[in-house]
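As structure tokens, the structure follows; a few thoughts come after it.
Hydrogens, waters and symmetry mates are skipped; everything else that's a heavy atom, side chains included, is used. Proteins get letters first, then strands, A, B, ... in listed order; numbering begins at 1 in each. Since this is a predicted model, take the numbers as computed values, not measurements.
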Amino acid sequence: MTNSKTIAPRALLALAGLLFTMSLTSCQKKEKTSSAGGGASSQSVLQVKGAAR
Amino acid sequence: MNTIKISRFGAWVGAVLLTAPVAMANITNGVNPNYVKVKVYEVQASQNDNCSNPVRIFSNANPAYVDAAHSPTFGAGSLPQGTYRCFMLKMDDHIISQPSVDQGQHGACVGNQTVVTQDIAAPHGSPGIYSQAPDGSHIPITDGEEIVWLYWRTGGSIGGPNQDPDMSFVPTKGMLLAAPVTVSGDRDLTFVFNFDGKEGEDTNDGTHYYCSADAPVMSVR
């Protein structure tokens, strides 16, 4: 006789939900870091010059 | 930050800009100047064609006249990256130049000697005209010297004050900026005051001659 343990569908759903939430939080953290830190500058330096032709 | 010279952007630069005659003289067979001295106080830029919400690039309360022929730097400053459709230049309306060679038959224009002061903002018989600053204040345009705002915008006109004396000096008109300017990195922005072939003798009565200059061709690149 085989002893089989089954995981209730409700527990599976809860686990999936937890994993999804953790993954979402991780993504949001990464976005925040890149926009506040190492991203390209949104300002440029302009040298305003004159010319006669 | 890196500063990239405009010469490295030849093709890019070629995309930008335009012309506007700015005065009323009528010189034939004019000669080139050997210098063009201008005094620039401030430059602003707007991403909007109506020049609203401008951003100041730099401001200098006490600038000196500098020779545009020697590629001077008027000032420098930072600007948010984006696409700009209006540029505003605060400058003295007197531009000082000198013919590089003799011109005319009456001895009025002596090369490398005669000094010509061109009043680029003058009423030309239209009293009450003014220049409008980006903050909305008005500066009366007279036959004398004043500090005015010049505008280039994508909705501007190729013509200039030859037809309408205040055309270049108010944000609702302005000279034509042929294409928007995209700022995506450090770069030069160059204002051109071209008097080539514009210097020569002029007269109001056919008797008395003086050395003058026709309207410069002005552009932004």
Can Asn32(B) and Arg53(A) be said to form a side-chain contact (heavy atoms from CB on, under 4.5 Å), step by step?
CA-CA 10 Å; Asn32(B) 296 353; Arg53(A) 60 172 58 96; 4.0 Å; yes
Let me know which of Asp188(B), Ile57(B), Val40(B) forms a side-chain contact (heavy atoms from CB on, under 4.5 Å) with Val48(A).
Ile57(B)
Let me know if Leu79(B) has heavy atoms under 4.5 Å from chain A in its side chain, its backbone, both or neither.
both
Can you give me the closest heavy-atom contact between Ala69(B) and Ala52(A), atom names plus distance?
CA-CB, 3.6 Å
What part of Phe195(B) gets within 4.5 angstrom of chain A, counting heavy atoms only: side chain, backbone, both, or neither?
backbone
If we define contacts as heavy-atom pairs under 4.5 Å, which of Pro33(B), Pro72(B), Gly82(B), Ala76(B) has the most with chain A?
Pro72(B)
If you measure from CD on Gln47(A) to OG1 on Thr73(B), what distance do you get to the nearest 0.5 Å?
5.5 Å
Quick one: closest heavy-atom pair of Gly50(A) and Thr190(B), and the distance?
C-CG2, 4.0 Å
Decide if atom NZ of Lys198(B) counts as having more than 12 heavy atoms of other residues, nucleotides or ligands within a radius under 6.0 Å.
yes
Whatever's closer than 4.5 Å to a heavy atom in chain A on Asp67(B) counts as neither
What pair of heavy atoms forms the shortest contact from Lys49(A) to Ser71(B), and how long is it?
CD-O, 4.4 Å
Residue part contacting chain A, namely of Val43(B), when any heavy atom lies under 4.5 Å:
side chain
Flag, side chain of Asp186(B) to backbone of Ser44(A), donor-acceptor distance under 3.5 Å:
no
Which one of Ala68(B), Ala45(B), Ser97(B) has the most heavy-atom pairs closer than 4.5 Å to chain A?
Ala68(B)
